[in-house]
Amino acid sequence: MSNKPSAIRGTNDFIAEEAARFDHVVDTFARVRRLYGFRSVHIPVFEHTGVFARSLGETTDVVSKEMYTFEDRSGDSVTLRPEFTAGISRAYLSNGWQQHGVMKLAATGPCFRYERPQKGRFRQFHQLDAEIIGSAGPDSDVELLALGQHLIEELGVAGNVTLQLNTLGDPESRSAWQAALLAYFNGHRDSLGEDSQRRLDANPLRILDSKNEGDRALVADAPVIDDFLTAEAAAFFAALTSGLDAAGVAWTRNPRLVRGLDYYRHTAFEFVTDALGAQGTVLAGGRYDGLIEAMGGPHTPAVGWAAGIERLAMLIDAPAPEGVDLAFIPMDDAASARGARLVAALRKGGGVAVETFAAGNMKKRMTRASASGARLAIIIGADEMRDDTMQVKDLVAGEQVRIPQAEAGFVGGYLAELRLVALTGHDGDVPDFPAWRTRNLGGQAR
RNA sequence: GCGACCGUAGCUCAGCUGGUUAGAGCGCUGGUUUGUGGUACCAGAGGUCGCGGGUUCAAAACCCGUCGGUCGCCCCA
């Protein structure tokens, strides 16, 4: 048992419920983002290292110690994407997407960060991503946040998640505030924890969300961004908050909320939960007006967010397990061949999900058929082959009828009706299959 | 990079202060039911006790190392 192959640290293999949770998050995003006109974008999973190194900020942890970077065979340094925004911005410039005007884009897929894994944090993790590129107005921030809120609601986790909102101001506001913070914390350097003393040099803003008890007391009296906001920055934030109120997006002001990556301006936000241990951030982002310009493009305002699929997946209720509609159980080769045509017709014509159970003894086949989630089973053996009939068993009711194979349409019709009832949430009682068939036979006869 | 905890059957775990052939539940295979499941009963297969070394008459249990996992710090989705 010790020679089993092992997975790379911090990667996951999902089946069954875990896979269903993951899929449900992805599917829900695909549905909701269309409601807001966000179009799908597909970008590479890796880029030239410079794409990330320059855009995220050389001193950030993501760049300085968490990137999956390696040389390819030609000696170029390439990096597995640690996030989506830099790659999308690069694609925007590479392909001249300015021609499309304001773009609302959505992406999904794996990202990579070389970190110690823990709850809600992995080396290969997966994100949902939404960006609005080319729009400077706070109405775009509102739309983007509304999308995020809507997604959270559709996933049924809104009760556990709150939106924390802050502004980092424009570059003037931000650097004035940063200078004031630096002066303030330098004055109390000795009272700061070890980690925060290091932050003082690297990224003083981060001291604001220190978890150290002693730091928190200092942070409480630290300079607040509001006192450094330029008139424009203040107006932007006011427009944003009133827009959110108008759109019915609930938010909480958190003046100590900062974002780790260098490119953020103005809006910064996190949807957080306390139900996930130490990794409470489930969806987060902000405005990054300077990024595309810094990458060598024209001045292009933009806002975006990313959400952690695994984190959302841990939060939602378990989705209904996957299953098929119908189990086909042939008793011998002849029945198997006959049934193949029948099954193909049901799949292609009726959209019926069918799984065949031909291995093991009868009891085994029934057990597996039952576990497949199928409502009905079609059983064909030598007896049935003789007179072109089949046994149709309702696996929920336990009732079974022997009917002509020519009546396969009833099977498709019954399953279609069940689907319809499930879809409309109409809980009208559908009888078991034998009774349903008798009823519809009668109806047709007249 | 730092810290804490954990590592026994396919899975989840029990195994008290070291003492003979290492257990349970679930799952798997077969049977009660020669072609009928989801409930029940019976039987069976399946374990280098993560790996290496040490202490001891004796180690799954104690010590050291190592690898792996989990959670936390840092940082972040």
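Chain identifiers are assigned alphabetically (A, B, ...) following the order of the sequence lines, protein sequences preceding nucleic acid strands; residue numbering begins at 1 within each chain. What you are looking at is a predicted structure, and each value in this text was computed from that prediction instead of being measured. Just so you know, these numbers use all the heavy atoms, side chains as well, and skip hydrogens, waters and symmetry mates.
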Would you please confirm or rule out a distance under 4.0 Å between OP1 or OP2 of G31(B) and any side-chain N or O of Asn361(A)? yes

Out of A77(B), C2(B), G37(B), minimum distance to the side chain of Arg116(A) belongs to C2(B)

Looking only at U29(B), A77(B), G72(B), the nucleotide nearest the Gln127(A) side chain is A77(B)

In whole Å, I'd like the distance from the CG atom of Leu376(A) to the C1' atom of G38(B). 15 Å

Does a sphere of radius 6.0 Å around CZ in Arg39(A) hold more than 12 heavy atoms from other residues, nucleotides or ligands, not counting ones at 6.0 Å or beyond? no

Whole angstrom value for the distance that separates P of U36(B) from CZ of Arg375(A): 22 Å

For a 4.5 angstrom cut-off between non-hydrogen side-chain atoms, does Phe29(A) reach Thr108(A)? yes

Side-chain touch Tyr414(A)/Asp325(A), heavy atoms, less than 4.5 angstrom: no

Nearest-angstrom distance from the residue atom CD1 of Ile88(A) to P of A77(B): 14 Å

Give me the ring orientation class for Phe237(A) and Trp251(A): parallel if the planes are under 30° apart, tilted from 30 to 60°, perpendicular past 60°. perpendicular

Which pair of heavy atoms, one from Leu276(A) and one from Val282(A), lies closest together, and at what distance? CD2-CG2, 4.1 Å

With a 4.5 Å limit on heavy-atom distance, are the side chains of Tyr92(A) and Leu291(A) in contact? no

Counting the atoms with a prime plus P, OP1 and OP2 as sugar-phosphate, which does Ala382(A) contact under 4.0 Å by heavy atoms, base, sugar-phosphate, or nothing? base

For a quick check of understanding: with a heavy-atom distance under 4.0 Å over all strands, which category does Ala369(A) fall into, base, sugar-phosphate or nothing? nothing

Detail all sub-3.5 Å separations between protein N/O atoms and N/O atoms belonging to nucleotides 41-46 of chain B.
none

Expressed as a whole number of Å, how far does the C1' atom of C63(B) sit from that of G1(B)? 28 Å

Writing each nucleotide of RNA chain B 5' to 3' as (, ), [, ], | or . by Watson-Crick or G-U pairing under 3.5 Å yields (((((((..((((.....[...)))).(((((.......))))).....(((((..]....))))))))))))....

Send over the distance from Asp274(A) CG to G72(B) P, rounded to a whole Å. 13 Å

Would you check if Met390(A) and Ile403(A) make a side-chain contact, meaning some heavy-atom pair closer than 4.5 Å? yes

Can you find a heavy atom in the side chain of Tyr36(A) that is under 4.5 Å from one in the side chain of Leu144(A)? no

Is a side-chain donor or acceptor of Asp289(A) paired with a backbone partner of Ala302(A) at a separation under 3.5 angstrom? yes

In whole Å, what separates the P atom of G10(B) from that of C73(B)? 35 Å

With a non-hydrogen cut-off below 4.0 angstrom, is Gln400(A) in contact with a base, only sugar-phosphate, or nothing? base

Using atom P of each nucleotide, how far apart are A22(B) and A59(B) to the nearest Å? 14 Å

For G52(B) versus U12(B), give the span between their P atoms, rounded off to a whole number of Å. 23 Å

Work out how far the C1' atom of C11(B) is from that of U66(B), and round it to whole angstrom. 27 Å

Round to the nearest Å and state the distance from Arg365(A) atom CZ to G35(B) atom C1'. 9 Å

Touch check for Gly398(A), heavy atoms < 4.0 angstrom, all strands: base, sugar-phosphate only, or nothing? base

Between the base of G69(B) and the side chain of Gln118(A), is one N or O donor paired with an acceptor at under 3.5 angstrom? no

Using atom CZ of Arg113(A) as one end and atom P of C75(B) as the other, report the distance to the nearest whole Å. 13 Å

Counting the atoms with a prime plus P, OP1 and OP2 as sugar-phosphate, which does Phe357(A) contact under 4.0 Å by heavy atoms, base, sugar-phosphate, or nothing? nothing

Ala284(A) side chain, from C-beta outward: closest of A77(B), G69(B), G35(B): A77(B)

Nearest nucleotide by nearest heavy atom, which residue falls closer to the 5' end of RNA chain B, Ala306(A) or Lys119(A)? Lys119(A)

When you measure only distances, ignoring hydrogens and angles, does the side chain of Arg311(A) come within 3.5 Å of the base of C76(B) through a donor and an acceptor? yes

Just call it for Arg121(A): base, sugar-phosphate, or nothing, with non-hydrogen atoms closer than 4.0 Å on any strand. base

Rounded to whole Å, the CG-P distance (Asp13(A) to G10(B)) equals 18 Å

Hey, does Asp383(A) reach any base, or is it just sugar-phosphate, or nothing, if we go heavy atoms under 4.0 Å? base

To the nearest angstrom, how far is Met366(A) atom CE from G37(B) atom C1'? 4 Å

Does Tyr114(A) OH have over 12 foreign heavy atoms under 6.0 Å away? no

Check every strand shown and say whether Ile379(A) touches a base, only sugar-phosphate, or nothing at a heavy-atom separation below 4.0 Å. base

In whole Å, measure the gap between the P atoms of G15(B) and A24(B) for me. 15 Å

Under 4.0 Å, heavy atoms only, any strand: does Lys393(A) hit a base, just the sugar-phosphate, or nothing? base

Would you measure the distance from the P atom in U34(B) across to the matching atom in A9(B) and give it in whole Å? 37 Å

How far, in whole Å, is C51(B) from U8(B) if one measures between their P atoms? 10 Å

Between Ser370(A) and Asn12(A), name the one whose nearest nucleotide on RNA chain B is closer to the 5' end. Ser370(A)

Which atom of Val142(A) lies closest to which atom of Gly243(A), heavy atoms considered: CG1-O, 3.7 Å

Among the nucleotides G37(B), U29(B), A77(B), whichever has the atom closest to the side chain of Leu395(A) is G37(B)

Look at all strands and tell whether Gln391(A) reaches a base, only sugar-phosphate, or nothing, counting heavy atoms closer than 4.0 Å. base

Side-chain touch Phe433(A)/Glu399(A), heavy atoms, less than 4.5 angstrom: no

Sugar-phosphate, base or nothing in reach of Gly120(A), heavy atoms under 4.0 Å: base

Under 4.0 angstrom, heavy atoms only, what part of the nucleic acid is Val396(A) near: base, sugar-phosphate, or nothing? base

Assess whether atom CZ of Phe46(A) is packed by more than 12 heavy atoms of other residues, nucleotides or ligands within 6.0 Å. no

